[in-house]
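Keep in mind it's a predicted model, so treat the numbers as computed, not measured.
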Amino acid sequence: MKPIIAPSILSANFAYLAKDIEMINNSEAEWIHIDIMDGVFVPNISFGFPVLKFVAELSEKPLDVHLMIVNPEKFVNEVKALGAHVMNVHYEACPHIHRVIQQIREAGMEPAVTINPGTPVSLLKDIIRDVYMVLIMSVNPGFGGQKFIEHSVDKVKELRTLIKETGSKALIEVDGGVNKETGALLVEAGADVLVAGSAIFSAPDPKRMIVDLKNL
């Protein structure tokens, strides 16, 4: 089965954001991945809901909203108002992660949980049947263009085993340093969704790169 491709607009040209969104709309990508950063949970600030409202209006693809922020549960309604398909929160930012998952699902979105490079897959055992998707960060979150952490491939394999053992139907998403080379390793290990930023938006032909990633 071919992977779902979710271009990350964090790597788009913000001066021509509408043009880049149009490119995604006309591509074979299935989702648009949106990283929201608060400068607290991660050492950077990306964009807020006024910009996201604009993105949501232009996008013809489902929105995969990734909140790299503290207290993400405070923004369930705002993310829902965007018409988001997936609301993705960090395990490390949610002391009451099961409750947050329930809030997201009750709001009518698909709940997803992200784990950082230093967070073990085993911590997901008690919630893996409750989530739509798990995002494995293959770089330390906060900046685009970082080098892929090779151990992430082993984490994908471990997560695939956990999903199989528990009967979960969760998808496996990977974000960080994804290109044709690393993407091939991740798909082989069991990844379902590839988030790619620099590899797509820095490519001479971004739509061709999306096709290439989809056909890994």
Does [X] reach the side chain of [Y], with side-chain heavy atoms less than 4.5 Å apart?
| X | Y | value |
| --- | --- | --- |
| Val139 | Pro117 | no |
| Ile21 | Val55 | yes |
| Ile149 | Asn140 | yes |
| Glu173 | Asp64 | yes |
| Ile9 | Phe47 | yes |
| Val89 | Ile97 | yes |
| Leu213 | Pro3 | no |
| Ile200 | Met23 | yes |

Can you give each donor-acceptor pair under 3.5 Å made by side-chain atoms of residues 184-193, sequence neighbours left out, with the distance rounded to 0.1 Å?
residue: Asp192; atom: OD1; partner: Arg160; partner atom: NH2; Å: 3.3
residue: Asp192; atom: OD2; partner: Arg160; partner atom: NH2; Å: 2.8
residue: Asp192; atom: OD2; partner: Ile172; partner atom: N; Å: 2.8

Which heavy atom of [X] sits nearest a heavy atom of [Y], and at what distance?
| X | Y | result |
| --- | --- | --- |
| Val174 | Val156 | CG2-CG2, 3.8 Å |
| Ala93 | Phe41 | CB-CE1, 3.9 Å |
| Phe148 | Gly176 | CD1-O, 3.3 Å |
| Pro7 | Trp31 | CD-O, 3.0 Å |
| Asp35 | Ser46 | O-OG, 2.8 Å |

Practice task
Establish whether Ile36 and Val100 are linked, either directly or via other cluster members, by ILVMFWY side-chain heavy-atom contacts under 4.5 Å.
Solution key: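 Yes, Ile36 and Val100 fall within the same hydrophobic cluster.
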Practice task
Treating Ile, Leu, Val, Met, Phe, Trp and Tyr as nodes and any side-chain heavy-atom pair under 4.5 angstrom as an edge, say whether Ile5 and Met209 lie in one connected cluster.
Solution key: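 Shared cluster, yes.
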How far does [atom1] of [X] sit from [atom2] of [Y], to the nearest 0.5 angstrom?
| X | Y | atom1 | atom2 | value |
| --- | --- | --- | --- | --- |
| Ile136 | Asp154 | CD1 | CG | 10.0 Å |
| Leu171 | Leu159 | CG | CG | 10.5 Å |
| Glu57 | Leu52 | CD | CG | 11.0 Å |

Practice task
Examine the side chains of Asn215 and Lys2 and answer whether a donor and an acceptor come within less than 3.5 Å of each other.
Solution key: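 Yes, a side-chain donor-acceptor pair sits under 3.5 Å.
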Exercise for the section: Only one of Met87, Met137, Met37 passes side chain to side chain contact (heavy atoms under 4.5 Å, CB included) with His66; say which it is. Expected result: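 Filter result, single survivor: Met137.
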Handout entry: Test log, rule side chain to side chain contact (heavy atoms under 4.5 Å, CB included), inputs Val153 and Lys157
Key = CA-CA 6 Å; Val153 176; Lys157 292 177 182 177; 4.1 Å; yes
Under 3.5 Å donor-acceptor, [X] side chain and [Y] backbone:
| X | Y | result |
| --- | --- | --- |
| Lys61 | Ala29 | yes |
| Asn88 | His33 | no |
| Ser138 | Asp175 | yes |
| Asn116 | Gly118 | no |
| Ser168 | Ile163 | no |

Handout entry: Over 12 foreign heavy atoms within 6.0 Å of CD, Glu22
Key = no
Exercise for the section: Mark yes when over 12 heavy atoms from residues, nucleotides or ligands other than Phe14 sit less than 6.0 Å from its CZ; otherwise mark no. Expected result: yes
Without placing hydrogens or testing angles, list every side-chain donor-acceptor pair under 3.5 Å for residues 72-84, not counting sequence neighbours.
residue: Lys80; atom: NZ; partner: Ala107; partner atom: O; Å: 3.4

Would you be so kind as to tabulate the donor-acceptor pairs closer than 3.5 Å made by side chains of residues 119-132, with sequence neighbours excluded?
residue: Thr119; atom: OG1; partner: Glu92; partner atom: OE2; Å: 2.5
residue: Tyr132; atom: OH; partner: His85; partner atom: NE2; Å: 3.3

